[in-house]
Amino acid sequence: MKKICISELKNHVGESVTLYGWLYNKRSSGKLRFLILRDGTGYLQCVTFKNSVSPEVFEFTDKLTQESSFEVTGTIREEARATGGVEMDVADLKIISHAGEYPITPKEHGVEFLMDHRHLWVRSSKQVAILKIRHRIVKAIRDFFDERGFTLFDAPILTPAACEGTSTLFETPYFDLGNAYLTQSGQLYAEAGAMALGKVYTFGPTFRAEKSKTRRHLTEFWMVEPEVAFNDLNDNMDLAEEFLEYIVQSVLADRQEELKILERDVKFLEAVKRPLPRITYDAAVEILHKNGVEFEYGNDLGAADETIISNQFDRPVMVHRYPSEVKAFYMKRDPENPKLALAVDVLAPEGYGEIIGGSQREDNLDLLLERIKEHNLPEEAFSWYLDLRRYGSVPHAGFGLGLERTVSWICGLDHVRETIPFARMIYRNTP
RNA sequence: UCCGCGAUAGCUCAAUGGUGGAGCAUUCGGCUGUUAACCGAAGGGUUGCAAGUUCGAGUCUUGCUCGCGGAGCCA
């Protein structure tokens with residue numbers, strides 16, 4: 001027999017069906033029991049009258065504790081008073097497994113307690129909604145690139161050295177070859193892929209051993225990084241804005257119910273349409289000065305600065321052409337002003353900060369060698385990367401989008417720890 | 001690493017230096033339409049750890065541990 005789930009019930013009104021799931025909540029009133037069943041696809045109120053079931057079944061309803069698993073059979077009926085629009089009149093019920101006292105009650109809990117019970121917290125309705133939106137965003141990311149002729153080009157997670165040289169890396173012994181490091185970016189490998197396949201993207205976990213302790217940071221997070229041969233900075237920004245529009249509009253099209261559960265004000269999301277505003281770093285600094293911020297030209301933008309800048313716009317804003325000194329070694333200099341890098345950061349609205357960082361890459365061998373020396377990076381570790389400039393170097397560009405920051409922004413959350421099933425942070429690696 | 005805040009029942013929080021309470025959860029009882037249901041009752045405590053001040057410390061002082069928020073760094 002084909003199993004039916006709660007999300008399909010609108011097609012089964014008037015039928016008798018059997019459902020499997022867990023008890024989300026229960027209310028009782030004399031000879032009446034309201035059992036809220038959840039099965040991962042939705043919630044259903046199962047109404048049990050004492051007179052319409054056997055005494056044994058009615059007794060079961062009192063034994064069902066929160067999160068007990070059970071099988072329930074009954075008739076599906078349209079019901080305006082029910083949240084999902086349908087209800088079940090229970091005819092039969094079997095307990096699959098009785099749950100002990102469940103730690104997460106319908107009342108409020110603190111962050112520490114919930115994170116300690118993350119393996120159970122993911123059952124809660126808001127967490128389920130967030131994880132479904134995360135999945136939809138991941139699908140949008142894959143669809144977007146797949147539909148545009150990109151090839152998925154998986155980068156290694158164990159790497160011999162720093163990709164960018166700046167951040168701290170997680171280190172692990174690697175047989176007789178000394179230490180290996182968990183990747184902080186697949187980008188350099190993606191560049192090799194772009195020279196082979198033209199348009200590629202990497203999508204996988206990324207690791208930063210920085211002692212960051214903010215609502216925007218995880219030590220393990222997912223990043224998607226497209227890299228395109230023959231693209232310049234403008235092409236890169238065109239791609240980024242089309243990409244962001246596609247992601248947000250996909251979620252709006254398919255995940256309205258989940259956004260409602262999260263009480264997300266979708267007007268901020270509906271505004272995410274091309275073109276996205278593009279301003280230079282110089283213009284961004286001007287905005288800061290106009291708002292009375294004492295900002296020294298040449299510094300990188302801080303979190304508070306990003307919020308002030310993004311608050312000027314109703315949609316994500318692209319800030320491009322940063323001082324090259326605050327950016328990575330592989331970024332190409334602006335031919336019209338060598339003090340600037342052909343970099344672009346995309347700042348999400350509502351103070352969510354940087355969700356994309358990208359650039360046109362330095363394609364000249366000699367200049368790249370110079371940069372590696374300036375940054376005191378070990379040249380031999382980058383010899384394979386330099387080969388990309390020795391054998392048919394071309395202009396190319398790409399960017400990285402942080403998945404969890406994007407989910408956090410689209411869901412309107414106040415911390416990225418809820419955007420991934422099991423967050424890894426500086427003071428937490430359990431459960 | 002630095003700055004700020006915090007730790008009291010299973011959970012969320014109260015308690016003027018003077019007998020540690022409430023709501024939820026649990027158990028029992030009541031209710032035929034509940035929406036974090038409601039009403040009644042019961043059980044539940046080494047106040048994060050260690051020392052100090054005091055006749056007396058959950059409360060004041062010092063140290064430690066753990067957590068939360070922010071900065072820097074970044075996606």
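Because the structure is predicted, anything quoted here is derived from the model rather than measured. Below, chains carry the letters A, B, ... as their sequence lines are ordered, and counting in each starts from 1.
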Nearest to side-chain heavy atoms of [X], which nucleotide of [options]:
| X | options | value |
| --- | --- | --- |
| A/T105 | B/G33, B/A71, B/G10 | B/G10 |
| A/R215 | B/U34, B/G70, B/A75 | B/G70 |
| A/V47 | B/C73, B/G69, B/G33 | B/G33 |
| A/N25 | B/A36, B/G33, B/G69 | B/A36 |
| A/S28 | B/C31, B/A71, B/C73 | B/C31 |
| A/T214 | B/C31, B/U12, B/A71 | B/A71 |
| A/E87 | B/G33, B/C11, B/C68 | B/G33 |
| A/F113 | B/U26, B/C11, B/A75 | B/C11 |

Does any donor-acceptor pair link the side chain of [X] with the base of [N] at a separation under 3.5 Å?
| X | N | answer |
| --- | --- | --- |
| A/H109 | B/C11 | no |
| A/S212 | B/C73 | yes |
| A/R405 | B/C74 | yes |

Say we look at [N] and [M]: how far apart would their [atom1] atoms be, to the nearest angstrom?
| N | M | atom1 | value |
| --- | --- | --- | --- |
| B/A25 | B/C39 | P | 11 Å |
| B/U46 | B/A71 | C1' | 38 Å |
| B/A9 | B/G48 | C1' | 15 Å |
| B/G58 | B/G52 | P | 15 Å |
| B/U26 | B/U61 | P | 40 Å |
| B/U47 | B/U59 | P | 10 Å |
| B/G4 | B/U8 | P | 22 Å |
| B/G17 | B/U12 | P | 25 Å |

Any base atoms under 4.0 Å from [X], or only sugar-phosphate, or nothing? Heavy atoms, all strands.
| X | result |
| --- | --- |
| A/G302 | sugar-phosphate |
| A/Q66 | nothing |
| A/K50 | nothing |
| A/H415 | sugar-phosphate |
| A/R33 | nothing |
| A/D300 | sugar-phosphate |
| A/R428 | nothing |

What's the verdict on side-chain contact (heavy atoms from CB on, under 4.5 Å) for A/F422 and A/T430, showing C-alpha distance, side-chain angles and the deciding distance? CA-CA 8 Å; A/F422 296 95; A/T430 55; over 6 Å; no
Paired nucleotide for [N] [Watson-Crick or G-U wobble; both distances under 3.5 Å]:
| N | answer |
| --- | --- |
| B/C49 | B/G63 |
| B/A41 | B/U27 |
| B/A14 | none |
| B/U34 | none |

Minimum heavy-atom separation for A/A99 and A/Q66, please, with both atom names.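 Heavy atoms only, the tightest pair is CB-O, 3.5 Å.
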Which of parallel (below 30°), tilted (30 to 60°) and perpendicular (above 60°) describes A/F329 and A/F382?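 Aromatic pair A/F329/A/F382 classed perpendicular.
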Evaluate the ring planes of A/F243 and A/F144, with Trp represented by its six-membered ring, and classify them as parallel (under 30°), tilted (30 to 60°) or perpendicular (over 60°).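 Ring orientation, 0 to 90° scale: tilted.
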Nearest-nucleotide 5' precedence on RNA chain B, A/G402 against A/L32: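 Comparing both residues, the 5'-ward one is A/L32.
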Of A/I426 and A/L218, whose closest RNA chain B nucleotide lies nearer the 5' terminus?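 By nearest-heavy-atom nucleotide position, the 5'-most residue is A/I426.
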Output yes when at least one side-chain N/O atom of A/R216 is less than 4.0 Å from OP1 or OP2 of B/A71, else no.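 True: A/R216 side-chain N/O within range (under 4.0 Å) of B/A71 OP1/OP2.
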Using distance alone, with no hydrogens and no angle criterion, decide if [X] and [Y] have a side-chain donor and acceptor under 3.5 Å apart.
| X | Y | value |
| --- | --- | --- |
| A/D282 | A/Y297 | yes |
| A/D363 | A/Y330 | no |
| A/R361 | A/S359 | yes |

How long is the line joining [atom1] of [X] and [atom2] of [N], in whole Å?
| X | N | atom1 | atom2 | answer |
| --- | --- | --- | --- | --- |
| A/F170 | B/C74 | CZ | C1' | 14 Å |
| A/E263 | B/A36 | CD | P | 12 Å |
| A/E112 | B/C11 | CD | C1' | 12 Å |
| A/D305 | B/G72 | CG | C1' | 12 Å |

Pair A/D345 + A/K327, salt bridge at N-O below 4.0 Å: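 Salt bridge between A/D345 and A/K327, a charged N being under 4.0 Å from a carboxylate O: yes.
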Near-parallel close stack of A/F221 and B/A75 base (under 5.5 Å, under 30°):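 By the stated criterion, A/F221 and B/A75 stack.
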